[in-house]
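First listed ligand is number 1; within each ligand, the first listed atom is number 1.
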Amino acid sequence: MIYLDNAATTKIYKNAQQARAFAEDKAFANSSSIHSFGLKSSNLLRESREIISSVIGSNPDEIYFTKGATEANNIVISSLSGENNIAITSSIEHSSVYDSFKNNIFKEVIYLKNDNYGFIDIEDLKDKLQNDVKLVSIIYANNETGTIQDIRKISDIVKSFDKNILIHIDATQALGKISCDVNELKVDLMSFSAHKFHGPKGVGGLYVRKEILQKIKPVLHGGHQQVVSSGTDNHPAISAMATALKEQIDADEFNYVDDLNKYIRKLIDKNISDYIFNTPDENYSPYILSVGFANIKSEVLLHMLEDNDIYVSSGSACSKGNNNRILEALDVDDKYSDGVIRFSFAGENTKDELEKTVNVLKESIDEIRRVM
Ligand code: PLP
């Protein structure tokens, strides 16, 4: 099997599986129970907070656990909603941000302009800042294209306009892969999800800068385990998430993966005609490469690759093929927009796998174009 759909989800690391199994077997008490067995569980939560906070440069008590980035993004947007509040975001956000804005009441939601790679138009941001803006929410590394926004620049501009405007980033495709230091980025809120960095599914978190905690309201009420989200903590999954994050950071694989990204670009260029890269060649996450092939239906291509045990995506898995909103916002030419494939990598992938993939890709594209 050649798995090139790591932006949809990654394979869980063995150590993360073991951390979860350990907690489920040897420390399974409710982390809120005040007996000593419960303390074992709450110690795992504390250690997990320490690991994650050391990666993002926060205090441990600024990390709140959620069932993933979707919940974290929803918490942020519903907290800052209100009929007098304006929010600024982009048109190329993940659906958990985009749809959350559509389902909450704001005085106005402003969508910033972007270029063909999805880079935010900074001048447009400067023009759109105004009174009543309470939140700026921007995706850090884009899940479709890998485009990395200059968050520090955005924060500097926003904070110099009004330091009370909150800055939230969706760092789901960034954490563990590129620097996510919340102080360097100057962000107030940051969402993440464990299964994107070889942790378990259904667990993630939200960083909340201590000084702004009172502005964040839970979407789930009931327990008092956390201020931000209620319910019994899934500490085995949380412990596995922290273990995975540490391993992903220690793997130090950015350059290796960047080499893979550049290699497959070269192979595509050498073997296939009439395509465009939707991923820029600078300021991108090397873990993602989006390519539009002319006169191709991506679903057909995806299944031809699948027949050869090669797994890719025709856009974000969360949008199940319905990625027109992003492609429209990127203004991808109609000729290429039906044939967009997202390859997404992990440290386990090899150049040999990429060669096999491009061979099958070439044969499949030749065949599709022949019969069309
Ligand atoms: N944000 C981004 C950028 C994503 O890529 C994803 C998942 O695809 C999410 C949010 C949602 O993550 P989850 O489904 O783990 O809640």
Atoms of ligand 1 close to I139 [distance to a heavy atom under 4.0 angstrom, numbered from 1]: 3 (C)
Structural part of K201 in contact with ligand 1, heavy atom criterion under 4.0 angstrom: neither
ring-ring contact (aromatic ring centres under 6.0 Å, His included) contacts touching residues 274-296 (sequence neighbours left out): Y275-F277
Proximity to ligand 1 by part of D170, non-hydrogen separation under 4.0 Å: side chain
Side chain, backbone, both or neither: S96 near ligand 1, heavy atoms under 4.0 Å: side chain
Check against side chain to side chain donor-acceptor pair (under 3.5 Å), D352 and T350: CA-CA 5 Å; D352 186 47; T350 62; 5.0 Å; no
Which segment of K196 sits under 4.0 Å of ligand 1 when only heavy atoms are counted: side chain
Test of proximity, T172 against ligand 1: N or O pairs below 3.5 Å: yes
Side-chain heavy-atom pair N143, R342 within 4.5 angstrom cut-off: yes
Among T172, T70, T66, side chain to side chain contact (heavy atoms under 4.5 Å, CB included) partner for S193: T172
Part of V97 with heavy atoms under 4.0 Å of ligand 1, whether side chain, backbone, both or neither: neither
From L289 atom CG to S344 atom OG, the distance as rounded to the nearest 0.5 Å: 10.0 Å
Atom NZ of K186: over 12 foreign heavy atoms under 6.0 Å: yes
Atoms in ligand 1 with a heavy atom of H195 nearer than 4.0 Å: 13 (P), 15 (O)
Identity of the nearest option to atom 16 (O) of ligand 1, non-hydrogen atoms only, from T70, V203, I288: T70
Of the listed options A72, G68, S344, S193, closest to atom 15 (O) of ligand 1 (non-hydrogen atoms): S193
Single hit among Q248, H198, K201 for side chain to side chain contact (heavy atoms under 4.5 Å, CB included) with T10: H198
